[in-house]
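Numbers restart at 1 for each chain; the letters A, B, ... are given by sequence-line order, proteins then strands.
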Amino acid sequence: MRENFFKRPTLVVARELLGCYLVRRWHGKEMGYMITETEAYNGFNDKASHAHRGKTKRNSVMFGRPGYFYVYLTYGMHYMLNIVTGEEGFPAAVLIRGVNGISGPGRLTKALHIAKYQNKKPADKKIGLWVEDREVAVSPREIESTARVGIHYAEEWVEKPYRFLLKK
DNA sequence: ACGATGATGAAC
DNA sequence: TTCATCATCGTA
């Protein structure tokens, strides 16, 4: 997937990632997983986003170029995999919450051996983790949107339908 | 349904 | 130094 795919509004990218494949090369083998669940984190004003308090050492990659991974540890034990979206300078990213056969963002990173190695790296074959469009058609009616998970503190942003799931 | 878990960033 | 967290698992 090219950088221009990610250099678009976060909500659009979060939707369109559904049905795409997250591909991992590990010990010489490639495994592709269809993305089934995403969440959008959109700009300075989004109180659920790490970026809303401004740029920090941790979230700085969100302010950079689109198509890069933002991986961080939450609750002291689970890595979350995000891909930076939008124009450079605008802090936004899509959290990959689930793929076919694996639900939950923490389980996903554990299963695909994703940790800080991928943080601040571009989604590219060179680092063994990237996204492919395999021409799987996903129509808008097959997509469900709901409120995001685990962001009770985000006030008026709690209810925003920024979580996208492929219906079964 | 609920509490324990637990490392790190960011605020106080 | 203290608080809170983009979750999961175990025990009910």
Output the residues of residues 92-118 of chain A in contact with DNA chain B, where contact means a heavy atom of the residue under 4.0 Å from an atom of the strand; sort by number or write none.
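Those residues: none at all.
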
To the side chain of A:Leu73, which of B:dA11, B:dT8, C:dT8 is closest?
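Selected nucleotide: B:dT8.
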
Just how far, in rounded Å, is [atom2] of [N] from [atom1] of [X]?
X	N	atom1	atom2	answer
A:Tyr75	C:dG10	OH	P	18 Å
A:His78	B:dT8	NE2	C1'	14 Å
A:Tyr72	C:dA4	OH	P	18 Å
A:Lys47	C:dA4	NZ	C1'	17 Å
A:His50	C:dA7	NE2	C1'	12 Å
A:Met80	B:dG6	CE	P	16 Å
A:Asn119	B:dT8	CG	P	13 Å
A:Ile151	C:dT5	CD1	C1'	13 Å

Any salt bridge linking [X] with [Y]? Criterion: basic side-chain nitrogen under 4.0 Å from a carboxylate oxygen.
X	Y	answer
A:Glu16	A:Arg8	yes
A:Glu30	A:Arg24	no
A:Glu39	A:Arg97	yes

Does A:Thr74 put a side-chain nitrogen or oxygen below 4.0 Å from OP1 or OP2 of C:dA7?
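Checking A:Thr74 against C:dA7: no side-chain N or O falls below 4.0 Å of OP1 or OP2.
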
Kindly confirm or rule out a cation-pi arrangement of A:Arg148 over A:Tyr41, judged by NZ or CZ under 6.0 Å from the six-membered ring centre and within 45° of its axis?
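The answer is yes, since A:Arg148 meets both limits relative to A:Tyr41.
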
Do side-chain atoms of A:Glu142 reach the backbone of A:Ser139 as a donor and acceptor pair under 3.5 angstrom?
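Between the backbone of A:Ser139 and the side chain of A:Glu142 there is a qualifying donor-acceptor contact (under 3.5 Å).
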
For A:Ala51, does its backbone N or O pair with a side-chain atom of A:Lys55 as donor and acceptor, under 3.5 Å?
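Side chain of A:Lys55 to backbone of A:Ala51, a donor-acceptor pair under 3.5 Å: no, none is there.
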
If you assign each of A:Met77 and A:Arg58 to its closest nucleotide in DNA chain B, which residue comes earlier from the 5' end?
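That would be A:Met77.
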
Identify, with sequence neighbours excluded, every residue that meets side chain to side chain contact (heavy atoms under 4.5 Å, CB included) alongside A:Ala123.
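So A:Ala123 forms a side chain to side chain contact (heavy atoms under 4.5 Å, CB included) with A:Phe69.
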
Complementary nucleotide of B:dG6, counting Watson-Crick and G-U pairs under 3.5 Å
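In the structure as shown, B:dG6 has no Watson-Crick or wobble partner.
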
Pick base, sugar-phosphate or nothing for A:His152, based on heavy-atom distances below 4.0 Å to the nucleic acid.
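Sugar-phosphate contact only.
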
